[in-house]
2 protein chains.
Amino acid sequence: MPKGSPKVAVDIVIFTIDEGKLKVILIRMEKKPFTGKWAFPGGLVGFKESLDEAARRDLYEKTGVKNVYLEQLYTFGDVRRDPFSRVVSVAYVALVNKNRIKKLTTTAKYTGIDWFNMAKLPRLAYDHNKVAKYALERLRLKLEYTNIVFSLLPRYFTLAHLQEIYEIILGKKLDKRNFLKKINSLNLLKKTRKLEKGAHRPARLYEFRTRKPRIIEIL
Amino acid sequence: MPKGSPKVAVDIVIFTIDEGKLKVILIRMEKKPFTGKWAFPGGLVGFKESLDEAARRDLYEKTGVKNVYLEQLYTFGDVRRDPFSRVVSVAYVALVNKNRIKKLTTTAKYTGIDWFNMAKLPRLAYDHNKVAKYALERLRLKLEYTNIVFSLLPRYFTLAHLQEIYEIILGKKLDKRNFLKKINSLNLLKKTRKLEKGAHRPARLYEFRTRKPRIIEIL
DNA sequence: TTAGTATGTGTATATAGTACACTATCTCAT
DNA sequence: ATGAGATAGTGTACTATATACACATACTAA
């Protein structure tokens, strides 16, 4: 029978592409049970903010960016996931363009914040390795039928650049011609006038038809 | 900035098939802002139970059934979703076989509990019409690549019966031959010796290869 | 024996996904 | 001016999956 209620927090898996790798932001914990361990950033949800707002606020505090793709992932509520306190955590996934981030900042409660290669995460605090696994699955799935990568790209980009991002996230090589067919079938892109320097044939630049999150099929 | 923390509740969309319709359990509220309105059953999460446990407990209290399909759906956390209190609600979806339920019971806080046709829901309390929409989408989606309907069927059943349930949930007629092809490709069923009375050719009975929730593809 | 009723089954077509290689266009070096 | 180097851009054949569609079969009951 319920007596008292758990606390509510949000945790955010903030993805970016950097140096040809899929990376996430982690913060280093100072508090007792997890001293020195890394975890996804997050914090308690205030009385006067929705879950989405709490996630957006935390993302802004850490990275200084707004208007990126942000989606609720799953809610983790095991009793012992935080050994000293009962906290239910609503996990979110965010996608940010690394160029738009000047500096990562965190509060005094933490002793560090940095980008980590998603493929080589250390053992994380709480149940955050499970969170990471869910987040990657969801990201890969959504890639197939939405335009969510717009958050990872500049306004104008080449097909090769777009394909590279897909390859990094999916963790496998794609065929150029089949990739174009798929992207075309989703009807996400608009051609522009070509640009792109380089000691070779210049590539045409594309832009997204819309830079708002747009679901192509049912979720 | 967070000050205090919202309360945490679970709400459960309990589906069944009855009289050829997809139905859900609703309870009638007594408390002030929603007096007389119907809502999905649920309640606050206790300090010593996980979210899943809270959902399972509530399902058991209302219906007396255990061991059915139960899945977390989404977490609703708008500030004003409950006008008098700040409650974050983790919504769950459950599938139960109506035959296994003797009686619906609820606590003194509510003035009624009953089954409602999912296709004709009244205006519900809180944000529960949105919850209903999400739940139906998820149910339809999961139907396509999992064995979750096992919770809605007896141990032995005919293909016609199985197909009928799919048709009710999806809200459209299916072709018998194509349906069989699809079910076979999922490799969910085992043939048994035929039975089934009736004034016509008797139908072969099938059973599920396994009656645990089993994901066929990635979620 | 027959009428009635639901079962059980196969093929042809359309659509989506995958495998696969060569020509075109530019820059830079000579 | 020419050629080497480098990446861009493009089409077809094959496979797998999804859809449309109709008739013979096996039982019960009169």
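First the proteins, then the strands, lettered A, B, ... as listed; each starts at 1.
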Quiz prompt | Aromatic B:Y126 / basic B:R81 pairing, under 6.0 angstrom, 45° off normal | solution = yes
Quiz item: Rounded to the nearest Å, what distance is computed from the NZ atom of residue B:K182 to the P atom of nucleotide D:dA20?
Solution: 13 Å
Quiz item: In whole Å, what is the span from the CD atom of B:E196 to the P atom of D:dA26?
Solution: 18 Å
Quiz item: Could you give the CD1-to-P distance, from B:I183 to D:dT17, as a whole number of Å?
Solution: 16 Å
Quiz item: Whole Å only: how far is the CZ atom of B:F179 from the P atom of D:dT17?
Solution: 18 Å
Quiz item: Between the side chain of A:R28 and the main-chain N/O of A:W38, is any donor-acceptor distance below 3.5 Å?
Solution: no
Self-check item: Donor-acceptor pair, side chain of A:R204 and main chain of A:T192, under 3.5 angstrom
Solution: yes
Quiz item: A:L174 has an atom CG; how far is it from atom P of C:dA19, in whole Å?
Solution: 11 Å
Self-check item: Ionic contact status for A:E61 with A:R57, cut-off 4.0 Å
Solution: yes
Exercise. On DNA chain C, check which nucleotide each of A:A199 and B:L205 is closest to and give me the residue with the more 5' one.
Key: B:L205
Quiz item: Rounded to the nearest Å, what distance is computed from the CG atom of residue A:L195 to the C1' atom of nucleotide C:dT25?
Solution: 15 Å
Quiz item: How are the rings of B:F76 and B:Y134 set to each other: parallel, tilted or perpendicular (split at 30° and 60°)?
Solution: perpendicular
Quiz item: Any N or O donor-acceptor pair linking the side chain of A:R201 to the base of D:dA6 at under 3.5 Å?
Solution: no
Quiz item: Is the side chain of A:R100 donor-acceptor paired with the backbone N or O of A:K66 at a distance under 3.5 Å, no angle test?
Solution: yes
Nucleotides 10-14 of chain C: which of its N/O atoms have a protein N/O under 3.5 Å away?
| unit_1 | atom_1 | unit_2 | atom_2 | d |
| --- | --- | --- | --- | --- |
| C:dT11 | O4 | B:K181 | NZ | 2.8 |

Quiz item: Does any N or O in the side chain of A:T16 come within less than 3.5 Å of the main-chain N or O of A:V96, such that one atom is a donor and the other an acceptor?
Solution: yes
Practice problem: Quick one: closest heavy-atom pair of A:F179 and A:L174, and the distance? | Solution: CD1-CD1, 3.8 Å
Quiz item: Within this structure, what is the NZ-to-C1' distance between B:K194 and C:dG8, rounded to whole angstrom?
Solution: 11 Å
Practice problem: Estimate the overall bend of the helix from C:dT1-D:dA30 to C:dT30-D:dA1 from the end axes over five pairs each, rounded to 10 degrees. | Solution: 10°
Practice problem: Hey, could you give me the CG/CZ distance between B:L143 and B:R138, rounded to the nearest 0.5 Å? | Solution: 13.5 Å
Exercise. To the nearest Å, give me how far apart NZ (A:K173) and C1' (C:dT18) are.
Key: 18 Å
Quiz item: Does A:K176 make a side-chain donor-acceptor contact with the base of D:dG9, cut-off 3.5 Å?
Solution: yes
